[in-house]
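See below for the structure under consideration.
All residue numbers in this chain count up from 1 along the given sequence. Counting starts at 1 for both ligands and their atoms, in listed order.
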Amino acid sequence: MGWRRDIRAGVLALLALMMSAVPWMILAAAWSNSRSRPAAAAAMEAADGPYVALTFDDGPRLDTTPVLLDGLARRGVHATFFVIGERVEPGRDILKRMVDEGHQIGLHTYSHKMLTGLSADEIYREINDLRDALTGLLGDLDFMLRPPYGKVNSTVCAMAKTPIILWSVDPEDWSDHDTARQVALITNQVQDGDIILLHDIYASSVETALQVVDQLMARGFRFVTVEELFALRGVQPEDGQTYRRVPPDS
Ligand code: NI
């Protein structure tokens, strides 16, 4: 009878070995899936759309920006924030949170000066003092530039050392704080590849942004950062070049 017990023990041992291997097999399958995914999936996703980039200037602001981040997180949406140097120190935690949650951060100059009225030296300082502050806080990321008031000249382009991001949809949210008007304007005008300008320093603009996200997502739009929009369109943005939108045929 001894050999029967030995066989039963052997079968049980083999079964135990197979069972313990199952989780590893599942893990290995998942791993090889995620490894082979990027190229094909990225091409598939690029064919989808339409895509738009929400951008916010002049922040971060301690009372309004976190409300926006909460709303974007609930909707799984990434945006781009062009921040001001003077708001970096008080907004450190918000800026770190933005990066953690997949948002893009860009430069809106140190003290929100109209760059076209400045000397080359002053332009350099307005851009690089902010770049240094952000690099000290967040590490060496690619910080694109949005010049205040969208004003550029050849000196600004030469001093930027990064792509210059303007916009194609502007509800002038600072002018009336009227969420209903702003939402209607944006949702009527918006097209694939647009870059929308808002300001996260107004509660009304935060509300506008979240309503726009809800309405456009229901119409099939997807919200991406400016960097992601370039990548989806296969466009390599160039330093000192201005961009207003990144349409499908660009
Ligand atoms: Ni501004």
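Backbone or side-chain N, O or S atoms of D58 reach the Ni ion (ligand 1) at under 2.8 Å. Not one N/O/S atom of H199, from backbone or side chain, sits under 2.8 Å from the Ni ion (ligand 1).
Here the angle at the Ni ion (ligand 1) defined by NE2 in H112 and NE2 in H108 stands at 90°, rounded to 10 degrees.
Taking the ring centroids of Y149 and H112, they lie under the 6.0 Å cut-off.
When atom types are taken as modelled, the side chain of T65 and the backbone of L62 share no donor-acceptor pair closer than 3.5 angstrom.
Here the rule is side-chain contact (heavy atoms from CB on, under 4.5 Å) with I186, and of I196, D170, D194, D173 only I196 fits it.
In this model, no donor atom of one side chain and acceptor atom of the other lie less than 3.5 Å apart for Q211 and T179.
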